[in-house]
Each structure stands twice: as C-alpha cells, then as structure tokens.
**Q** 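Okay, handing you the structure first.
Below, read A as the first sequence line, B as the second, and so on, with proteins coming before strands; counting in each chain starts at 1. Quick caveat: nothing in here was measured; it's all calculated off a predicted structure.
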Number of protein chains: 4
Amino acid sequence: MSESKLLDVLIAQAKLSKKQTEKQQKIVEAAIHIFAEKGYANTSTSEIAKVAGVAEGTIFRHYGTKDNLLLSIILPFFKETFPMMAEEVFTEIASNVDSFEEFLKAFLKNRIHFFLENKQIAKVVVKELIYNEELKKDLLPYLSENFLVRVNKAVEFFKERGEFIDIPTDRIGRMLLTFIGGFLVSRLVLLHDYTVTDEDIDDAVSLVINGIGRREDGTE
Amino acid sequence: MSESKLLDVLIAQAKLSKKQTEKQQKIVEAAIHIFAEKGYANTSTSEIAKVAGVAEGTIFRHYGTKDNLLLSIILPFFKETFPMMAEEVFTEIASNVDSFEEFLKAFLKNRIHFFLENKQIAKVVVKELIYNEELKKDLLPYLSENFLVRVNKAVEFFKERGEFIDIPTDRIGRMLLTFIGGFLVSRLVLLHDYTVTDEDIDDAVSLVINGIGRREDGTE
Amino acid sequence: MSESKLLDVLIAQAKLSKKQTEKQQKIVEAAIHIFAEKGYANTSTSEIAKVAGVAEGTIFRHYGTKDNLLLSIILPFFKETFPMMAEEVFTEIASNVDSFEEFLKAFLKNRIHFFLENKQIAKVVVKELIYNEELKKDLLPYLSENFLVRVNKAVEFFKERGEFIDIPTDRIGRMLLTFIGGFLVSRLVLLHDYTVTDEDIDDAVSLVINGIGRREDGTE
Amino acid sequence: MSESKLLDVLIAQAKLSKKQTEKQQKIVEAAIHIFAEKGYANTSTSEIAKVAGVAEGTIFRHYGTKDNLLLSIILPFFKETFPMMAEEVFTEIASNVDSFEEFLKAFLKNRIHFFLENKQIAKVVVKELIYNEELKKDLLPYLSENFLVRVNKAVEFFKERGEFIDIPTDRIGRMLLTFIGGFLVSRLVLLHDYTVTDEDIDDAVSLVINGIGRREDGTE
DNA sequence: TATGAATGAGCTTTCATTCAT
DNA sequence: GATGAATGAAAGCTCATTCAT
C-alpha cells in the first residue's frame, strides 16, 4: 500500500466488478469474516483461501495483491456509505422533519441500519481506518469532508429556525462527528455482537440535543 | 498472545521492573515510537533493535517475546490510568466541586493531561486495544468496570442533588464512556498531532451537560 | 527441458508446422520479441499471451509447454542456418571464388544477412544456447560438427592451392569458429541495434587473413 | 535488480566485506557453482541453501536479496579484473616488451590465468553479463571503456614504432575486443572444462597479428 | 549482560499448466 | 479451436526466536 492512487483503484474496481465469479464471492466473504475478527495484518492469504475453499493462487489471480483484496472490500462499502448523504437527499430529509432532533434521528437510523446490515464489513473498515496509516490518509479527508459539509448545511438550515444555542456551526458539526464516531467505534470494534434499536438512537440523540443536565426551568 | 494470563504477567512485571537497564529504556522508548507510528503487527523486532541501538538478542533477553514487550509498555500505562480514579480520590473530587459539570471538567482535564504527557504510549494502547482481540478481551472489562463503577458513583452522588434529568444512571455512564472514548480515539488515532486545551474541555463538557439545543425558556 | 529428445521434437514439429494459425503466428512473434529482450527464463507465458492478444490457454493448446514453444522458435531457425552449408553448396562456392579470403567473405555475407533478417530470433538462439545447459548439450555438437566439417573441407581445398601458412587445418577451423562466434555474440547479445555492412565483413575477413601486423615486405 | 546503483552497492560491499562468516563463504561458494552451471535465473535460493548446508534465511540475513548475492559474487571479480590494467602497469608492460605481439601475449597470459584460477566465477560473470540486461547496461560500458582506452593507448604506442598496417586504432581495439571476447565466451560458456596453455595463447596471438594467410613474400 | 549469527516456519506472490465451457 | 478461471507447487523474502560466544 505504498503509493496510493485510490481514484485509479476505484476506477479499476468499477471496470472489473462487472462479473464476479462464484469463487470471488467466496474469497471476499471469507476475507471479510477473518479480517473483521483478526484484523488485516494478522490474516494470511492461505487462511483466507482455506476458509473460502479455493486455491491460494485464485486469490491473486483476481485481486493481484492482498492489499488490493482489502481495498475491494473497503472501497465499495465506503462509497455506499455516502450516497444517501448526497445533498439533495439531505435537504429532502431536512425539509420533511420538524426539528434538527428529528432530522438527526432519521439520518442516524438510516445509516446505522446500513452499518448493521453490513456489520462485518463495517468492522473491517473501521478497524483498518484506525490502524492503517496509508488508508487513513486517503479516506479520512474524503469522509470528514463529505460528512461535515452536509451536516453543517443541515445545522445552518435549522439554525435559521432558531433551534440551536449560539455556538459556531462547525463546532456543532465536529462534536457530532466525535460523538457518532465514538458511538460507531465503541459498538463496532470495542464491544461484541451489538445491536442498536431505534429507541436507542432516539435516546442518544435526545441526550445530545438536550444534554444530560436538568433544565433550570424544570422542563426536560 | 495466545494464552493470556495477564495477572501472571503483571506480577512478573512488577518483580522485574525494579531496575531498568539503560538498554531497556532505549528499547521501550524505541518500541513505543515505532508501535505508535506503524502499529505493533507491522513493526519488526529488528527495527526496534536498530532504532534502540541494541542487538536484537538484547530485546529477547529482557522481554522474552515481542508480545511481552508490548505488554510491558501497555500495562504500566494502563495501571497509571486509574489510580486517580481510586474511589476515595473520586469521592474527594466530587466533594470539592459544586456540580457534576465541574466534576467532569476536573476529572477530564486531569486524565487528558496525563494522556497528552504520554501521547505516544496512549496511541499504542488505544490502537492495540482496538486491533488486538486478545488484549481487548483481557483489558476492556477491567477498564470499563473501573470507569463505570466510579463514574456511576459520581453520577449517583450528584443525582441526589437533583442535577440530572430522569434517566437511568448507567445510561448516563455509558453515554459518557462513548463520548469520552470517541473523543480519545478520534484525537489519538484518527487525527494527527492533536492538542486539547482546557477551554476545549470546558466547552465539550458544557455541551454534553446542556445539550446543543436551545432551551425553551431562552436560557442557555 | 529435462529429457531432451530433439529428434522426436523435430519430427513432431515437421508434422505440426504444416499450417500455422493466425493466433500461432502472433504467439510466436510475441514470444520471440520478449524472449529476445528479457530472456526465456524471465518471460512468463501470461506476458506472451497478453502481448500476442490471445488467451494463455491458447499457447498451451498449440505448444503444450513453454519449453516446447522455445524449441519451435529455435529449431526451425537452427535448421535454416545450415542448408546453404550443405556440402555441395559449400563446394560450389569454393569453386567460384579465387581465394579463401573471397570464399570466407561470400560465406559470411550470406549467413550474416540471414541473421540480420532474423535478428530477434538469432538473439534468442544465441542467448539460450549460452544460458540453457540442456539446449547447449543438444545443439552445440550439431552446430560445431556441421560448421567445422565443412569449413575444414574448404580450408583443405584452399590449402592445396598453398593459400595458408603451415598450421593444422582444424586449428584454422577452430580459430574461425571462435572469431565468428565472438563476432556474433558481441553483436547479437552484447551490443544493441547493430548492423553490419558488407564493407565491415570485407574488412574483418581481411584482418583475419592478413593479420594486423605490418608485413616485413611492406605490403599489406 | 530494478534500480541499479552499482556504486552504492560497491561501497556497501566494501563496508560489509570486512569479515565473512564461515557460513557466508559456504553460501557464496555454493551459489557460484550452481549459478555457473544452471544460470542465475534457474537457481533457487532454497537450492543454494541446501548445497551450502545453511538455512535459507541465512542467505537473506547476509545478502538481503538474491540479486545482491549475485552482485557480491560478480562485482569483486569485476574489480579484480582490471587492476593490472591500470594505466601505469599497461605502460610498463608495453615498455618492457619488444613488440605489440609480445605485449599482447604477456597481457593475455596474465588475465587468462586470472580467469582460469576463478573459472567458475568467470563463468557466472560472462553468462549473466550476456543474459541479464540490467547488469549488462551497468557493467559493459565500464568494461569496454576500461579495456578499449588502455588497449588503444598500447596500440598507439606500438603504432609509432611502425608495427601496424594502416588501420584506425579504434578498429584494431574493437577487433581485439571481439576476438578476446569470443575466445572467452566460447571457452567459458560454450565449451566445458577448458584449459588454455601458454602455447595456445602464443599461437592465437601470432595468428591475430600475422593472419592465417600465407605471405606473398613467402615468409610467415 | 550483551551480542548477532543462525534458524525455519510462514508469508505474499508468481507461474506453468489443466480443464470445463 | 479458443478461452480464462482455477490450480498448487515453488519462488523470494521476513521475522520472532534461540544460543554459542
């Protein structure tokens, strides 16, 4: 993973991903499970091959290098993490809800369900994003830019409605990023076999919005 | 790191840690820096030896295995993370401040300063805690137990003073854990060269306590 | 190239070489170019297939093994190297020229033109003849026998005319072999992109015949 | 052998070559024999290890890469090939002999004895110089420059004494290079188990100087 | 105590070859 | 005939660990 040309890889992926052999699926499946459990660096290609029920050479025929196998797992997931964050979708959600609290709940429910549906891959992505300096350098900026830009828009939208206390937009954005990031990291790579219900999300968002301190006026 | 007998190791460490050779210091120093940068799995003992300016054999003479070298970096740091969390200290802090908000600020400032002073080791600890399943299994329960038990006590303490809205104590504890964990992970292993000022901490705690939403009564 | 049964192969070749598919031509063409550039051992069949624009399997369908592909390049060239050396042709040339010098010039011009016209194949042949012990064992005796027997005949022919100083025929033959061999090797595998003009050959032969030292009598 | 920085390697070699382990000697010895017989590309490090009676890892502990093992065989030999060709030595030899013929005989006897004493290494060097494009690119210019510059000086020296027919100096030089090169290649990599006596050399040089043709004036 | 040469298991990767389609 | 997915043996190389000095 020396010289990162992620764009090239993404393009190459797109071209190659036309048809996927049955064996390829098994390889990716096996790799995801073992990477998720033991981490990329501690997983040998021979183990992947054994679990996938293919010859070791088959892995390299399709993915060239072990690094590339990791990328072909991570990148598609990465791309899918953000489509719903496309600006128009964001705006639409924002328009259909009454408050930032509702917006955040709707947004998080959607994305967390996506993560739960791909729990294993998500685990791999988060772990490697933390561990792999190269990958981090390439993907994090992309991630935080996408996330912050959009969330900040939403914050501004509701700020105009007077929903927020007087703190800078980007501080709110960063705080949300930290909290959501912490939430995902703790659930995905620190705790095992987590599930998050919609009620959990509702509660967490309420706390973030309203704080855990008692209101002076007695309301919650 | 197959069969973990952390207690044994801790005891053995204690016995051995009486005197540390000059060479040992150099080894540990080098190991911390390289582990922090490249991760444990991607660091070879030969590289550590080279950077430390000792023979490779010397590492094994002192630490037996590479795993053990990692432990002798992580465990002392780990133990030092909690002394101030000893129950009496906790209680004392809690008694000397006027509110949970102040308590949290005092507590976090203390611990974050400790982390900043040992930034490199902290990085290693967090990274390996996330990545190394074995280590996680051994240390996480210890950590969360220590942290939760004490924070919950503090929460109960201030709850009696009517400082919290009506949510279960352990939910508040877990939420704080998530937020603080997220804060540390994002700063230590996702972002580079971070520093956190006391003001940053004050702000963050205020937000957690008070929420980001505007109060109905107009106060902040 | 473990068990060499060149005769069998030659026969098999003859049978197969009747018709050459368009794909076969492309394969052989590609193989010649890459073998010439990088050497047989450093060339993979997959690269040949890619350059030839065929599937890797196609190579094996036609040639069975990589070794056999090499042979089907080398052997035909090898056979074509000597037809004009058939005894009668040799004798005829010898009869039509006035001196051994002229004979040698005529002979070399003819053969070197043939080599130049097949520069790439010649390169492969020479390189592998030197590098591949198995091939060497099979082909060299055949080559030197063919060459020496005939050249020696020519030498004898002109010796009777008193053209040579008094040295044994076979020493003259071996010396010519060495010189011509050195000439070819240096031009084909040591220097790049050589061309040899007829004047070059005339000069070289003159020097071999007459030496580079000044004649006592002042003639050249 | 991708990026050739021969000078760096030479320097590194010099530094490392201080002390050679017993195992190192066995490795180099084994490598020379097998490279000489089967060629570099057809020799596996595992075979070298087996023949040398060491673990495969030992090879890489000392030489880092297989390429580097080859270089540490070739380069020292290469450097030793030319010391006696230092200009002053050349000039001295030239001054102490009566003719170019004698000079050439003295020079060749010296160098050929050196080659015979290191027959196996010489075989490796010549074979790889021919086969290995990278090595060729690096070493050939150095070789021909060293050789040609000095031989041309000697030729000029004797030319002033009127020893040569009227042919350009550099053509004589190139011709000698071709002949000597051909001689070495044919003896080292084409024929097996050769020996060259001083008489052989005398004869060969005589032929080169005087040619194989009978003099018009009847002298030899 | 400290060294560093030696090890060998295990790693990623390459490649000639096979075979179902 | 042609394909290209699949194979698995073998390649070069890394590395934690041992041990004689």
**Q** Using Watson-Crick pairs (N1 to N3, plus N6-O4 or O6-N4) and G-U wobble pairs, both distances under 3.5 Å, which stems of at least 3 pairs involve DNA chain F?
**A**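 Listed by first number, the stems are E:2-21 with F:2-21.
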
**Q** Can you tell which of F/dT14, E/dT17, F/dA5 lies closest to the side chain of A/T21?
**A**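 Side chain of A/T21 sits closest to F/dA5.
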
**Q** Between D/G57 and C/N42, which is nearer to the 5' end of DNA chain E once each is assigned its nearest nucleotide?
**A**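 Closest to the 5' end, via its nearest nucleotide, is D/G57.
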
**Q** When the distance from OH of D/Y63 to P of F/dT14 is rounded to whole Å, what number comes out?
**A**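 In whole Å, F/dT14 P lies 16 Å from D/Y63 OH.
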
**Q** In terms of side-chain heavy atoms of B/F60, which of E/dT3, F/dT3, F/dA16 is nearest?
**A**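 Ranking E/dT3, F/dT3, F/dA16 by closest atom to the B/F60 side chain puts F/dA16 first.
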
**Q** So does A/K66 get a side-chain nitrogen or oxygen closer than 4.0 Å to the phosphate oxygens (OP1/OP2) of E/dT12?
**A**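 So the side chain of A/K66 is within the cut-off, an N or O lying under 4.0 Å from OP1 or OP2 of E/dT12.
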
**Q** Could you check whether any side-chain N or O of A/E29 sits under 3.5 Å from a backbone N or O of A/A52, counting only pairs where one atom can act as donor and the other as acceptor?
**A**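 Not confirmed, A/E29 side chain does not pair with A/A52 backbone.
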
**Q** Any side-chain N or O of D/H62 less than 4.0 Å from the OP1 or OP2 oxygen of E/dG4?
**A**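 Indeed not, no polar side-chain atom of D/H62 lies that close.
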
**Q** Assess, by modelled atom type and distance only, whether the side chains of B/E56 and B/S46 contain a donor and an acceptor separated by less than 3.5 Å.
**A**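 Side-chain D/A pair, B/E56 to B/S46: absent.
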
**Q** Near DNA chain E, which residues from residues 45-55 of chain D have a heavy atom under 4.0 Å away?
**A**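 Close to the strand are D/V54, D/A55.
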
**Q** Between D/R61 and A/S44, which is nearer to the 5' end of DNA chain E once each is assigned its nearest nucleotide?
**A**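 Whichever sits nearer the 5' end wins; that is D/R61.
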
**Q** Other residues, nucleotides and ligands only: do more than 12 of their heavy atoms fall within 6.0 Å of CD on D/E37?
**A**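 Atom CD in D/E37 is not crowded, with 12 or fewer foreign heavy atoms closer than 6.0 Å.
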
**Q** Of the nucleotides F/dG12, E/dA5, E/dA16, which one has an atom closest to the side chain of D/E56?
**A**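 The listed nucleotide nearest to D/E56's side chain is F/dG12.
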
